Amino acid sequence: MEKITEKLLLERGSPKTNKLEQIKTLKNTDSLLFSLSKLGLKSQDLPVRLLSRLRYLERWDLSGNRLQELPKNLELPALRYLDLSDNQLEDVTALESLSNLEELKMEDNLYITVSDNYKLMVLLPKLRIHNGKDVSTTANHLRYVYTQNLRTRIIAVWEKSFCLPDPITAEKMSALEKNFVNTARQQVKFGPSSVSDFTKWRVENIAKEYLRSLSDPKKEPESKESTDVKENCVVLTPIKRKQTAPVDTSIRLTPRKILRTDLPASPVEASPRKSSLRKLQTLTQTSAVRMSPRKISQPPSTPTRGQTRPETPRRGAAKVRQTKEDDGAQKKQKNRTDADMLSTMNSSSKTQQPVCLKPLHVLQCHSKQDSSEDFSTQLWACAFQPMPDFNGMGGGSRLVATCGGDSLCVIDCETGLVMKKYKVPGEEFFSLAWSTVLMSRGGGASAQHCSVLAAGGKRGLVKLIHPRNNVAYGEFRASRKALSVLRFNHHQGSFLFTGSYDNKIVMWDIGGVDSQYNYKVVQLLVLDISATPLHICLPPTSPSSHLLTACEDGLHCYNTQLGTNNTTKKRSEEMEITFPIYKKEDNYHDYHTIDGLSFLTDDIVASKNYMHGSIYLWSWSRTKAQRPDKKDGTVCAVVLAELQWANTEIPYLALNTCPGQAYIVCGDDKGRLWTYHVNDLQKNSFQTGKPILPTEVLEWPTPVRKGLGQVKGPCINSVAMDPELHYLVALSDKNMVIVWKRETSS
């Protein structure tokens, strides 16, 4: 059934008429524009012949659909305004036919890059407003100054190595064009590397136009207009900010805490985020503001699974039956063993008493255009800087890196100052990771360790930064899709794992750097994943041979050992780890998404299943020791304990651990932080199989803005702790970094 019909267009048309050719705008309930928003439209749902009859249409809203591209040859000569925000656009070249377009909105299209935005400014000669900003100066620079610079270089390539064939034939010209264009793309280098895709695309177009102008002199190349360039055209350079973003001092904190005995039940609320998940989201939620890093692949739907995955490997029916007494004895023995494992961890922990944490700072350092009114930028990842870069002087654990929007920040937790800020226009950072590599100094001097920061996001590029020297020294493409997670192997500091939305995890060796920041990146391994990887963990006892990845469809284990026995770069999974909650799955509940994963000790793992409302503690060694099921390669996690957590339907609220202090922390959708001190776990609850209550729930500190009242509790997307738990940092989906500090006992 067709979604776009002549009847629908006439019903929304203004002025009212029975002819499409007379429509100028089409109304919806709250705007005077042709609104086909939030209809779940795909590219094939747009009938070119029917829409092209709207010859006087001036404004068109196509936001909130699933368009990957606009149909080619769509002619709307009067169209001045087009809203394509919140779609799945990957290619912008089809917009070239809308040559009179003056204002365009393209926000929240995950795969649109800076290069694509620059293409639009060239393809649409009258474009002035892009995503609400005046781009006239940049657009004129691209159309004229930048184009003329490229054309000069292209002509030099032609004059050096090429000439027209004699006689000129279509076959010879086709071969010449192919050769000339390829050579120009390879040899013409100009502009920043961040827009290299745009430069190559522009070189190709200009080279073809120049060749046609030689074979047909009547055609003038468009670059002749360069004499009309305005003086205020700017040169394209990467934007890096050394100054720190202003910290809003008008925010004050009113901390509140509740102990676990006072803990109220957290009601289930519909999620306004990540509506692309295959979860219990209703269709009405698609109208909410979308703040997800994921590509919107389909409207929310109710998932179905044919069968529940087997919990444990099947065993032969010939096994000797055990009596109820034997079962009870084995269960008691198992509980005793698990309790002993936790007790062993407790005795090795430095902190025997729960810590007292108080809110210290709330920062808005990732704001768009440094605006204190920005409460929409989502912050996704944070991590404390390791110590070696500070030569044992102490204070290294005070610095935490955070990412969200188009920027990375390095913050001093004690002072609340943003020490470094790195900004990449057009990027949206989703993950970051610290490591320590060697920097050679030359002249026979010994190499020194330096802490480097890797970060990636929707553009699929990994940025390499040395924050201490304020140097962003390199980048490399890890995927054609967005990056979801980064993780270093701290036993081999130059080994970096990148997870991406094309369902792959790639292992790289980024090497060290020299005093001039020269470096080399080598791909070592590719893991094909069945779904998007959300978290990567390396077992502390075998970080170079095993990898655990929490994905949209479960928890998977891979062999990452490099050596003579594993020479292939591509690996398949070793086993899938299942959980008891899977038994409760039905047509309305799917618990396979693992959105939290971290090692608490060398053996104990904390993990969280979306919509479960609990956190599992389980043994890695005992789980790995099982033999995977022959049919589907699954093993059941050997669960040691279950920790009570919030009851929420919002995904991707990541947990974290502080092994040295035996702490687990996870935020919820109310701005609260659920903390668990493993020394304080109730053994009685564990032995009876009841979920263990949190040690303490840190309430949202309710910051207050002058004249605007309290800021309600946001979703806590990520948390991080320094090794000594002096500081706890939480990132929200409302552009707030919250720093908590441990109070010393008097």
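Numbering starts at 1 and runs along the sequence shown. All figures in this text were calculated on a predicted structure; none of them were measured in a lab.
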Looking at Thr657, Leu655, Leu357, Leu673, which hits side-chain contact (heavy atoms from CB on, under 4.5 Å) with Val665?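 Per the side-chain contact (heavy atoms from CB on, under 4.5 Å) rule, the option paired with Val665 is Leu673, out of Thr657, Leu655, Leu357, Leu673.
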
Exactly one of Ile536, Asp528, Ile529, Ile505 should register a side-chain contact (heavy atoms from CB on, under 4.5 Å) with Tyr558. Which one does?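 That would be Ile529.
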
Phe579 vs Tyr616 aromatic rings, parallel, tilted or perpendicular, using cut-offs 30° and 60°?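 Phe579 vs Tyr616 ring planes: parallel.
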
Classify the ring geometry between Tyr663 and His677 as parallel (under 30°), tilted (30 to 60°) or perpendicular (over 60°).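 Parallel.
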
Nearest 0.5 angstrom please: [X] [atom1] to [Y] [atom2], how far?
X: Met507; Y: Leu547; atom1: CE; atom2: CG; value: 9.5 Å
X: Trp508; Y: Thr498; atom1: CH2; atom2: OG1; value: 6.0 Å
X: Glu743; Y: Cys356; atom1: CD; atom2: SG; value: 4.5 Å
X: Ile577; Y: Leu548; atom1: CD1; atom2: CG; value: 5.0 Å
X: Leu524; Y: Phe497; atom1: CG; atom2: CZ; value: 8.5 Å
X: Glu585; Y: Asp590; atom1: CD; atom2: CG; value: 4.5 Å

Using the side-chain contact (heavy atoms from CB on, under 4.5 Å) rule, take Gln523 and Val506 through it: C-alpha gap first, then chi angles, then the decisive distance, then the call. CA-CA 7 Å; Gln523 186 186 101; Val506 182; 3.6 Å; yes

So, do Trp620 and His546 have ring centers that fall under 6.0 Å from each other?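 They qualify: ring centres under 6.0 Å apart.
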
Hey, would you say the His592 and Tyr582 ring centroids sit under 6.0 Å apart?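 Yes, close enough.
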
Less than 4.5 Å apart, any side-chain heavy atom of [X] and any of [Y]?
X: Asp668; Y: Thr648; answer: no
X: Thr402; Y: Leu379; answer: no
X: Thr560; Y: Leu538; answer: no
X: Val678; Y: Leu600; answer: yes
X: Leu562; Y: Phe495; answer: yes
X: Ile615; Y: Cys666; answer: yes
X: Asp733; Y: Met736; answer: no
X: Leu408; Y: Phe429; answer: yes

Test: Asp722 and Arg398 ion pair at under 4.0 Å: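 Salt bridge flag = no for Arg398 with Asp722.
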
Determine, step by step, whether Leu698 and Trp740 satisfy the side-chain contact (heavy atoms from CB on, under 4.5 Å) criterion, reporting the C-alpha distance in whole Å, the side-chain angles of both residues, the deciding distance to 0.1 Å, and the verdict. CA-CA 10 Å; Leu698 304 177; Trp740 298 73; 3.7 Å; yes

Does Lys670 make a cation-pi contact with Trp700 (under 6.0 Å, within 45 degrees of the axis)?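 No, Lys670 does not lie over the aromatic ring of Trp700.
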
Taking the side chain from [X] and the backbone from [Y], do they hold a donor-acceptor pair closer than 3.5 Å?
X: Tyr676; Y: Leu643; value: no
X: Thr593; Y: Glu552; value: yes
X: Lys481; Y: Lys504; value: no
X: Asn503; Y: Thr532; value: yes
X: Asn609; Y: Tyr591; value: yes
X: His535; Y: Asp595; value: yes
X: Thr578; Y: Val635; value: yes
X: Arg571; Y: Asn559; value: yes
X: Ser542; Y: Ser545; value: no
X: Ser614; Y: Gln644; value: no

Is a side-chain donor-acceptor pair under 3.5 Å present for [Y] with [X]?
X: Trp618; Y: Ser607; result: yes
X: Ser494; Y: Asp509; result: yes
X: Ser621; Y: Asp603; result: yes

Show the nearest heavy-atom pair for residues [X] and [Y], with the distance to one decimal.
X: Phe488; Y: Ala454; value: CE1-CB, 3.8 Å
X: Trp434; Y: Pro386; value: CB-CD, 3.5 Å
X: Leu432; Y: Cys382; value: CD1-C, 4.1 Å
X: Ala606; Y: Ile664; value: CB-CD1, 4.2 Å
X: Ser484; Y: Ser500; value: OG-N, 3.8 Å
X: Pro714; Y: Ser732; value: CG-CB, 3.4 Å

Using side-chain contact (heavy atoms from CB on, under 4.5 Å), reason through Leu597 and Leu555 one step at a time and then give a plain yes or no. CA-CA 9 Å; Leu597 182 69; Leu555 181 60; 3.8 Å; yes

Decide yes or no on side chain to side chain donor-acceptor pair (under 3.5 Å) for Gln561 and Ser544, but give the supporting numbers first. CA-CA 6 Å; Gln561 181 71 49; Ser544 299; over 6 Å; no

Please evaluate residues Glu428 and Trp380 with respect to the criterion side-chain contact (heavy atoms from CB on, under 4.5 Å), reporting the C-alpha separation (whole Å), side-chain torsions for both, the decisive distance (0.1 Å), and the verdict. CA-CA 10 Å; Glu428 184 176 359; Trp380 290 113; 3.9 Å; yes

I'd like to know whether Asp553 forms a side chain to side chain donor-acceptor pair (under 3.5 Å) with Ser530, so could you lay out the CA-CA distance, the side-chain angles of the two residues, the decisive distance to 0.1 Å, and finally the verdict. CA-CA 7 Å; Asp553 67 346; Ser530 55; 2.5 Å; yes

